[in-house]
Amino acid sequence: MTSVQVPLGERSYDIVIETGALDRAGERLAPFAPRGRLVVITDEHVADTQLQRLTASLEKADIAAHTIVLAPGEGTKSWEQLALLTDELLSLGTERGDHIVALGGGVIGDLVGFAAAILKRGCNFIQIPTTLLAQVDSSVGGKTAINSAAGKNLVGAFHQPSLVLIDPTVLDTLPPREMRAGYAEVVKYGLIDDADFFAWLEDHGEAVLAGNRDAQIHAIETSVAAKARIVGEDETERTGRRALLNLGHTFGHALEAETGFSDRLLHGEAVAAGMALAFAYSARRRLCPGEDAARVSDHLRRSGLPVSLSDAGISAGGETLAAHMRHDKKMVGGTLPFLLTRGIGQTFLARDVDLADIAVFLDSA
Ligand code: NAD
Ligand code: GLY
């Protein structure tokens, strides 16, 4: 078992990483359930594959679990589901001091976290992430949200969990495509500021994806330690430090918008292509060595991830994609802060990127 702290003063919390943690969750969650009850929210896929392990463990610890099972998929991060969920939590008598438990991927974590942020002006919650993406990214840091008609994640709040409990064995039932999509976010941490980790991934990424437990634990620990550090430095993305976590996301967001935020391109797949494009664009501007851009692209491609517009199934031209970027929620006063790089592990926030230049670049990408 290892544990990483997210250092946020009185809102600090632990990320516990333990093989088999789900089967021992009862002991770990007991201090968060003084009334001897917990509400667990999950989705149908996770209910079919992992939920019973958690409920059996809660039962062993004399914690009464009430389970709410939602439909899987991005559509669940909606006003309608939020209203149904909060009504059910209220009808169950959930109190401010209670903890509700999110057992699932980023969809369940984001929705449950937002419900916790607003229920009775804020109750507590615990993240038990079951996708690689959620384990290394979305369960940590307190960004919670639902989607609105105007776009993805546009309604939400910063609300930190009380505990993140990560059991790598849950990844055994995750579809391989979802595993690869989550792996893109692991690679991201190497590219932001940890060239040694990227080099380790070049040697061990295949083992992570193939289910090697030691490799998975090292990848998860390194990723959450990086995220905890960055969130501790800039919890609400005010200084630009936390913005580094968005490497590849501006290009990626345009690709997701172009594919209608659908299963045609998963979020992690869009981030992979976006990171490869950010490196290629940085190399084109001679900010970063071409060899680094090639290494990134090679590694992502070998990991089964898209690295170009055609890999991502995009036929739209640069101007169409740049138009999606103009609607990005990160736009400030008509300028879009853009993450570029001076090389592997040397990501920086550029504020001088001209979207017309990006459009020309994308036409040749
Ligand atoms: P997801 O929650 O939709 O899970 C992907 C699929 O895997 C779903 O079908 C789910 O039912 C299934 N699944 C989950 N765990 C499983 C398991 N162990 N075994 C079998 N099937 C399993 O998707 P995701 O990729 O985890 O998360 C994407 C969401 O996360 C997006 O909404 C995105 O906006 C959000 N996100 C949030 C943050 C943040 O900081 N809050 C960061 C990145 C992404
Ligand atoms: N996933 C980006 C962030 O948490 O800031």
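Numbering of ligands and ligand atoms starts at 1, following listing order. Just so it is clear, the model here is predicted, and its values are computed rather than measured.
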May I ask you to decide whether Glu237 forms a salt bridge with Lys143, counting only side-chain N to carboxylate O separations under 4.0 Å?
yes

Would one find an N or O of Val140, backbone or side chain, under 3.5 Å from an N or O of ligand 1?
no

List ligand 1 atoms under 4.0 Å from Asn153, heavy atoms only on the residue side.
34 (O)

Just jot down the ligand 1 atoms closer than 4.0 angstrom to any heavy atom of Thr49, in number order.
19 (N), 20 (C)

Output yes when Lys152 and Asp110 qualify as a salt bridge under the 4.0 Å nitrogen-oxygen rule, no when they do not.
no

Please write out which residues are connected to Leu111 in a hydrophobic cluster, directly or through intermediates, given that two of Ile, Leu, Val, Met, Phe, Trp, Tyr count as joined at side-chain heavy-atom separations below 4.5 angstrom.
Val39, Ile41, Ile68, Leu70, Trp79, Leu82, Leu85, Leu89, Leu90, Leu92, Ile100, Ile108, Val112, Phe114, Ile118, Leu119, Phe125, Ile146, Val155

Kindly compute the distance separating OG (Ser148) from NZ (Lys77), expressed to the nearest 0.5 Å.
11.5 Å

Note: heavy atom closest to atom 42 (C) of ligand 1, options Pro72, Gly109, Ser138, belongs to Ser138

Test of understanding: given a 4.0 Å heavy-atom threshold, classify the contact between Asp43 and ligand 1 as side chain, backbone, both, or neither.
side chain

Could you tell me, atom by atom, which parts of ligand 1 come under 4.0 Å of a heavy atom of Val46?
13 (N), 14 (C), 15 (N), 16 (C)

Please evaluate residues Phe197 and Val187 with respect to the criterion side-chain contact (heavy atoms from CB on, under 4.5 Å), reporting the C-alpha separation (whole Å), side-chain torsions for both, the decisive distance (0.1 Å), and the verdict.
CA-CA 8 Å; Phe197 183 47; Val187 173; over 6 Å; no

Between Arg301 and Ser308, is any side-chain donor less than 3.5 angstrom from a side-chain acceptor?
no

Between Glu74, His45, Glu269, flag the one that comes closest to atom 31 (C) of ligand 1 by a heavy atom.
Glu74

What do you reckon, is CD of Gln5 surrounded by more than 12 foreign heavy atoms closer than 6.0 Å?
yes

Answer yes when Glu233 and Arg242 have at least one side-chain N-carboxylate O distance shorter than 4.0 Å, and no when they do not.
no

Looking at Asp14 and Arg28, is there a salt bridge between them, counting it only when a charged N and a carboxylate O are closer than 4.0 Å?
no

Could Asp194 and Lys188 be called an ion pair, given the rule that one side-chain N must be under 4.0 Å from one carboxylate O?
no

Can you tell me the protein heavy atom closest to atom 14 (C) of ligand 1 and the distance?
Thr131 CG2, 3.3 Å

Please confirm whether Arg342 makes a cation-pi placement over Phe348, using NZ or CZ under 6.0 Å from the six-membered ring centre and within 45° of the ring normal.
yes

Got a sec: does the NZ of Lys60 have more than 12 other heavy atoms crowding it under 6.0 Å?
no

Around ligand 2, what residues show up once you keep those with a heavy atom under 4.0 Å from it?
Asp137, Lys143, Lys227, Glu237, Arg242, Leu245, Asn246

So for Leu171 against ligand 1, with non-hydrogen atoms under 4.0 Å, the contacting part is neither

Ligand-residue contact atoms, ligand 1 with Lys227, heavy atoms, under 4.0 Å:
40 (O)

Consider ligand 1: state whether an atom of it lies below 4.0 angstrom from any non-hydrogen atom of Met179.
no

Using every non-hydrogen atom in the two residues, find where Glu319 and Ala359 come nearest and quote the distance to one decimal.
OE1-CB, 3.7 Å

What about Val296 and Leu362, same hydrophobic cluster or not, with Ile/Leu/Val/Met/Phe/Trp/Tyr joined at side-chain heavy-atom distances under 4.5 Å?
no

Ligand-residue contact atoms, ligand 1 with Lys77, heavy atoms, under 4.0 Å
31 (C), 32 (O), 33 (C), 34 (O), 35 (C)

To atom 28 (C) of ligand 1, the nearest of Leu132, Asp167, Leu133, Leu22 on a heavy-atom basis is Leu133

In terms of hydrophobic clusters joined by side-chain contacts under 4.5 Å, are Ile344 and Leu244 together?
yes

In terms of atom number and element, which parts of ligand 1 are under 4.0 angstrom from non-hydrogen atoms of Val170?
18 (N)

Counting only nitrogen or oxygen atoms and a 3.5 angstrom limit, does Gly106 reach ligand 1?
yes

Only one of Asp311, Val271, Leu305 passes side-chain contact (heavy atoms from CB on, under 4.5 Å) with Leu300; say which it is.
Leu305

Within the 4.0 Å heavy-atom cut-off, what Arg242 brings close to ligand 1 is neither

So which protein heavy atom does atom 1 (P) of ligand 1 come closest to, and at what separation?
Val107 CG2, 3.9 Å

Is there a salt bridge (Lys or Arg N to Asp or Glu O under 4.0 Å) between Asp167 and Arg24 once you walk through the steps?
CA-CA 10 Å; Asp167 182 347; Arg24 287 189 287 282; over 6 Å; no

Check Lys143 against ligand 1 and report side chain, backbone, both or neither, counting heavy atoms closer than 4.0 Å.
both

Looking only at protein heavy atoms, which one is nearest to atom 7 (O) of ligand 1, and how far off is it?
Leu174 CD1, 3.9 Å

Measure across Gly343 and Asp292 and return the closest heavy-atom pair with its distance rounded to 0.1 Å.
CA-OD2, 3.3 Å

Please state which protein non-hydrogen atom is closest to atom 15 (N) of ligand 1 and give its distance, to 0.1 Å?
Thr130 OG1, 2.8 Å

Which is it for Thr173 and ligand 1 at heavy atoms under 4.0 Å: side chain, backbone, both or neither?
both

Proximity winner for atom 35 (C) of ligand 1, if only heavy atoms of Asp137, Thr76, Asp110 are counted
Asp110

Per-atom contacts of ligand 1 with Lys152, taking only distances under 4.0 Å to non-hydrogen atoms:
31 (C), 33 (C), 34 (O)

Looking only at distances, please establish whether an N/O atom of ligand 1 is found under 3.5 Å from an N/O atom of Pro175.
no

